[in-house]
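For reference, the structure is listed below as structure tokens.
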Number of protein chains: 2
Amino acid sequence: MPLKKNVRKIRSPAPLPRAEGHRQTRREHAIEIAEDYAEAIADLTLETGEARVVDLAQRLGVTHVTVNRAIARLQRDGFVSSQPYRAIFLTEKGRHLASASKRRHELVVAFLISLGVSERVARLDAEGMEHHVSAETLAAFQGALPRKGQQG
Amino acid sequence: MPLKKNVRKIRSPAPLPRAEGHRQTRREHAIEIAEDYAEAIADLTLETGEARVVDLAQRLGVTHVTVNRAIARLQRDGFVSSQPYRAIFLTEKGRHLASASKRRHELVVAFLISLGVSERVARLDAEGMEHHVSAETLAAFQGALPRKGQQG
DNA sequence: CGAATAACTTAGCAATGGCTACATTGTTTC
DNA sequence: GAAACAATGTAGCCATTGCTAAGTTATTCG
């Protein structure tokens, strides 16, 4: 008596959509690093005039070796241009990514803070969350944010 | 003439904290899969009585091979117990992780929906965001959510 | 200028997380 | 019980993302 341990025929009919979210999350993971680097490069360029491997390493909390290889991939994918032993520059594509990322990042931080989350935690959480905030959700965050001009 | 391209001495003094967020994000990435699997296993066990490799694969949007290896890691790390060609069961530790993940997941979805995000997008975004929502932020979400009993 | 130092690069290891192709085991069905 | 088929497991590929160690190149400074 097989006891019907495996009910192999009656595969569940509906739970397909669930997979979609996971697929999207994986897709987003693939571009997270590009976004983080683009943002960091843009910031450093503003702050110090150029983005160097060591500075990126310090800022992202990885070794300079990791940065080096990441930059190679970003260059391969057209986000940055760099020459050996020289500073790193964003391409048009990279600048685009950086500004979008930066805007989203800051909006997420501001939104969390507006909810009462401490600035420290808001910044920590935003770093991970931001990459998974779609345009629609970002718009909702923006909408829920208290307006700038009307502080009364 | 070196033109002072590299101003190597004046390393920026403050941008250290930024790295902390990235480090946390990487830490969270490391447990994302455990959380997703634990939640999926818990759900499937409820829905169909047991969690099988194929079902997990379908639900998570990966091949059964990927599931197989992930399960091996989860078993190594004490989240699940499984025997070859048999269903997968959560350990106490795994159940704990699953229930926490599930609660957080549902709260994030509910919160996004309450902001006006469509259910579809809320579910898609939550899948990626949830892993980076700290206890503090989760509490803020909870607090911002309209109460259950007072729908007026 | 040349040595010292800082920055960068390269080589190579480990873990993760996808995959396809193929082998094995379990279940169902005749 | 054996064949057919579904499910699971194994081997091995590739890419990513960390790392350390060791070699190169630039910059700075005596």
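Below, chain A is the first sequence line, B the second, and so on; all start at residue 1.
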Which other residues end up in the same hydrophobic cluster as B:Val65, if Ile, Leu, Val, Met, Phe, Trp and Tyr are linked when side-chain heavy atoms come under 4.5 Å apart?
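None; B:Val65 is a cluster of one.
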Where the side chain of B:Tyr85 is concerned, which of D:dG18, D:dT8, C:dT9 is the nearest nucleotide?
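Of all the options, the side chain of B:Tyr85 is nearest to D:dT8.
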Between [N] atom [atom2] and [X] atom [atom1], what is the distance in whole Å?
X	N	atom1	atom2	answer
A:Glu32	D:dG18	CD	C1'	15 Å
B:Arg27	D:dG18	CZ	C1'	14 Å
B:His64	D:dC5	NE2	P	18 Å
B:Ile88	D:dT8	CD1	P	7 Å
A:His22	C:dG18	NE2	C1'	15 Å
A:Glu50	C:dA6	CD	P	17 Å
B:Tyr37	C:dG17	OH	P	9 Å
B:Leu60	C:dC19	CG	C1'	16 Å

Contact list for DNA chain C against residues 65-75 of chain B - heavy-atom distance below 4.0 Å
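Residues of residues 65-75 of chain B under 4.0 Å from DNA chain C: B:Val65, B:Thr66, B:Arg69, B:Arg73.
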Axis-to-axis angle across the helix from C:dC1-D:dG30 to C:dC30-D:dG1, five pairs an end, to 10 degrees?
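Axis angle across the helix from C:dC1-D:dG30 to C:dC30-D:dG1, nearest 10°: 0°.
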Would you please test B:Arg18 and A:Glu127 for salt bridge (Lys or Arg N to Asp or Glu O under 4.0 Å) and show each step?
CA-CA 9 Å; B:Arg18 214 50 197 262; A:Glu127 205 68 71; 3.7 Å; yes
With rounding to the nearest 0.5 angstrom, report the CD to OG distance, B:Glu130 to B:Ser101.
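One gets 6.5 Å once the value is rounded to the nearest 0.5 Å.
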According to a strict under-4.0 Å criterion, is [X] in side-chain N/O contact with OP1 or OP2 of [N]?
X	N	result
A:Arg76	D:dT16	yes
A:Arg86	C:dT9	no
A:Arg52	C:dA7	no

Show me the pairs that pass ring pair (Phe, Tyr, Trp, His ring centres under 6.0 Å) and involve residues 20-70 of chain B, at least two apart or across chains.
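Residue pairs with at least one partner in residues 20-70 of chain B: A:His29-B:His29, B:His29-B:His132.
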Give every residue pair that meets the ring pair (Phe, Tyr, Trp, His ring centres under 6.0 Å) criterion with at least one member in residues 102-125 of chain A, sequence neighbours excluded.
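Found A:Phe111-A:Phe141.
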Can you tell whether the side chains of A:Asp77 and A:Lys93 come within less than 4.0 Å, N to carboxylate O?
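The answer is no: the pair does not qualify as a salt bridge.
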Sequence neighbours excluded, which residues qualify as salt bridge (Lys or Arg N to Asp or Glu O under 4.0 Å) partners of B:Arg27?
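By the salt bridge (Lys or Arg N to Asp or Glu O under 4.0 Å) rule, B:Arg27 matches B:Glu20.
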Donor-acceptor pair, side chain of B:Asp125 and main chain of A:Val133, under 3.5 angstrom:
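No; zero donor-acceptor contacts below 3.5 Å.
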With no hydrogens and no angle check, is any side-chain donor or acceptor of B:Thr66 less than 3.5 Å from a backbone partner on B:Val62?
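No, B:Thr66 side chain to B:Val62 backbone: no donor-acceptor pair under 3.5 Å.
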Starting from the 5' end of DNA chain D, give me the residue, A:Thr63 or B:Gln83, whose nearest nucleotide shows up first.
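Between the two, 5'-proximity favours B:Gln83.
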